[in-house]
Amino acid sequence: MLAERVREDFPILKQTVYGKPLVYLDSAATSQKPRRVIDALVRYYQEYNANIHRGIYRIAEEATMRYEQSRGKIAAFIGATRPEEVVFTRSTTEAINLVAYAWGRANIRAGDEIILTEMEHHSNLVPWQLLAAEKQAKLRFIPFDGQGILQLDEYQRLLSERTKLVAVTHQSNVLGTINPIKEIAMTAHAAGATVLVDAAQSVPHMPVSVGDLGADFVAFSGHKMCGPTGAGVLWARYDLLDAMPPFHGGGEMIMLVQLESSTYKDPPHKFEAGTPSIADCIVLGEAVDYLQGIGMAAIRAHEQRLTDYTLRRLAEVEGVTLFGPRQLDRRGGVVAFATDVAHPHDVAQVLDQEGIAVRAGHHCTQPLHRRLGVAATTRASLYLYNNESDIDALVRGLHVARHLFSPRPAPAKR
Ligand code: PMP
């Protein structure tokens with residue numbers, strides 16, 4: 001099993017919590033980091049810490065070279081045709097805000113429509129709300145059915161000549177649903193709309209080629225794919241980046257600055273003002289090397305098998321309601337559920353006492369939860385290092401929670 005081979009690579013998984021082995025089931029929030037990623041961060045600070053794109057001394061040149069090398073690795077990893085299509089950001093959130101600000105303000109006008117889905121993370125929702133309010137544009141939403149599958153017939157009905165953008169998550173961070181982006185993008189393009197994909201939950205977990213997706217913008221976060229926090233990616237078609245005005249203004253994104261006006265560098269540097277997260281962006285390249293060494297198809301296959309196991313084991317626990325599609329080819333390893341005995345936070349707290357890390361709450365998807373008719377869920381999310389015994393521990397923990405919270409008969413009066 002893949003997990004047995006790679007677990008050794010993740011030092012954090014060796015620890016115990018409350019005397020019990022740590023069972024980490026929250027990789028949708030952030031993934032753990034392999035030793036070589038941690039070592040690469042230390043190596044940067046110990047050996048060649050310097051600001052990039054400006055120093056003319058050796059270690060600054062090395063930092064610049066490795067920063068640009070990492071961009072190239074990421075471009076190859078997602079099948080981009082050129083490294084200049086990869087813009088380093090802090091995160092998925094920043095990447096989407098970049099598009100909303102720079103592309104959105106230049107291209108969205110009063111009366112235009114932006115199509116989103118009811119399963120979006122707040123970071124692919126709030127930036128468009130801000131833009132729509134500023135521009136008097138309208139937001140439209142593709143609903144999902146009882147299985148958590150997007151209703152594409154509704155999408156067809158929503159599309160019109162007013163649609164300027166379709167922004168959709170590739171994989172839901174709650175339902176696990178993998179959306180048919182290729183089909184969604186083709187339909188959007190036929191209607192003349194631009195397409196953004198929130199790939200925060202897909203790029204870390206499956207082979208993703210931006211060419212195959214057929215989108216115009218793709219956003220993801222390094223920290224969910226074995227990389228450090230502070231490094232995210234916006235991939236975009238070069239011609240779009242070239243036509244877009246800048247996002248942040250400042251050092252390093254300019255060609256010539258005068259007191260009253262400036263000219264800007266070509267993409268991607270036009271969008272990377274100031275000192276970036278140098279170490280984190282460099283080390284994201286190390287994470288990409290690590291994932292590629294294992295193989296994204298192998299990671300996807302492993303997670304599919306383990307998702308199957310998780311769904312089957314959780315379905316055996318009395319009172320558990322599972323959300324999201326049952327078909328394994330339509331979903332990833334994010335499993336949200338509710339129990340009939342306790343609030344998800346209480347369940348997560350009991351699990352914590354058993355050394356099990358899961359997330360409870362609305363997972364930054366309040367409208368999705370409202371649609372499900374629940375205020376919150378407990379979420380177990382899988383990655384390459386999880387195995388069946390992690391799921392067995394989760395199931396045991398849920399039995400403990402059931403036992404603790406189940407109503408007991410009142411003691412008999414004497
Ligand atoms: N979109 C989805 C689908 C996510 O799961 C997340 C992270 N929970 C984000 C966007 C935001 O990612 P970040 O916090 O790294 O910006």
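Each residue takes its place number in the sequence, starting with 1. The analysis underlying the following values was restricted to heavy atoms, covering all of them including side chains, and did not include hydrogens, waters or symmetry mates.
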Enumerate, atom names and distances included, each donor-acceptor pair closer than 3.5 Å involving a side-chain atom of residues 391-402, sequence neighbours excluded.
from: D392; atom 1: OD1; to: Y309; atom 2: OH; distance (Å): 2.5
from: D392; atom 1: OD1; to: R313; atom 2: NH1; distance (Å): 2.6
from: R402; atom 1: NH1; to: E318; atom 2: O; distance (Å): 2.9
from: R402; atom 1: NH1; to: D340; atom 2: OD1; distance (Å): 2.8

Please round to the nearest 0.5 Å and tell me the distance separating atom [atom1] of [X] and atom [atom2] of [Y].
{"X": "K138", "Y": "R162", "atom1": "NZ", "atom2": "CZ", "value": "9.0 Å"}
{"X": "N107", "Y": "L240", "atom1": "CG", "atom2": "CG", "value": "8.0 Å"}
{"X": "T163", "Y": "L158", "atom1": "OG1", "atom2": "CG", "value": "7.5 Å"}

Side-chain donor-acceptor distances from residues 275-283 under 3.5 Å, at least two apart:
from: T275; atom 1: OG1; to: N51; atom 2: ND2; distance (Å): 2.9
from: S277; atom 1: OG; to: G230; atom 2: O; distance (Å): 2.9

Keeping [X] on the side-chain end and [Y] on the backbone end, is there a donor-acceptor pair under 3.5 Å?
{"X": "T30", "Y": "H223", "result": "yes"}
{"X": "Y24", "Y": "L382", "result": "no"}
{"X": "N179", "Y": "I181", "result": "no"}

Please tell me whether [X] and [Y] have a donor and an acceptor in their side chains that are separated by less than 3.5 angstrom.
{"X": "H269", "Y": "E84", "value": "no"}
{"X": "N386", "Y": "H302", "value": "no"}
{"X": "T117", "Y": "E120", "value": "yes"}

With sequence neighbours excluded, tell me which residues meet ring-ring contact (aromatic ring centres under 6.0 Å, His included) with F220.
-> none
ring-ring contact (aromatic ring centres under 6.0 Å, His included) involving H343 - partner list, sequence neighbours excluded | H345
Cation-pi between R66 and Y48: NZ/CZ under 6.0 Å from ring centre and within 45° of the ring axis?
-> yes
Under the 6.0 Å and 45° cation-pi test, does R82 pair with Y238?
-> yes
Please find out if less than 6.0 Å separates the ring center of F247 from that of F271.
-> no
Strictly under 6.0 Å, is that where the ring centroids of Y67 and F88 end up?
-> yes
Among pairs that include at least one residue of residues 116-174, which meet ring-ring contact (aromatic ring centres under 6.0 Å, His included), considering only residues two or more places apart or in two chains?
-> H122-H362
Where is the tightest heavy-atom contact between [X] and [Y], given as atom of each residue plus distance?
{"X": "G214", "Y": "A185", "value": "O-CB, 3.5 Å"}
{"X": "N124", "Y": "T169", "value": "ND2-N, 4.2 Å"}
{"X": "R71", "Y": "V86", "value": "NH1-O, 2.7 Å"}
{"X": "K224", "Y": "P204", "value": "O-CB, 3.2 Å"}

Side-chain polar contacts of residues 329-338 - donor-acceptor pairs under 3.5 angstrom, sequence neighbours left out - could you list them?
from: R331; atom 1: NH1; to: P325; atom 2: O; distance (Å): 2.8
from: R331; atom 1: NH2; to: V334; atom 2: O; distance (Å): 2.5

Any salt bridge between E252 and R54, counting N to O under 4.0 Å?
-> yes
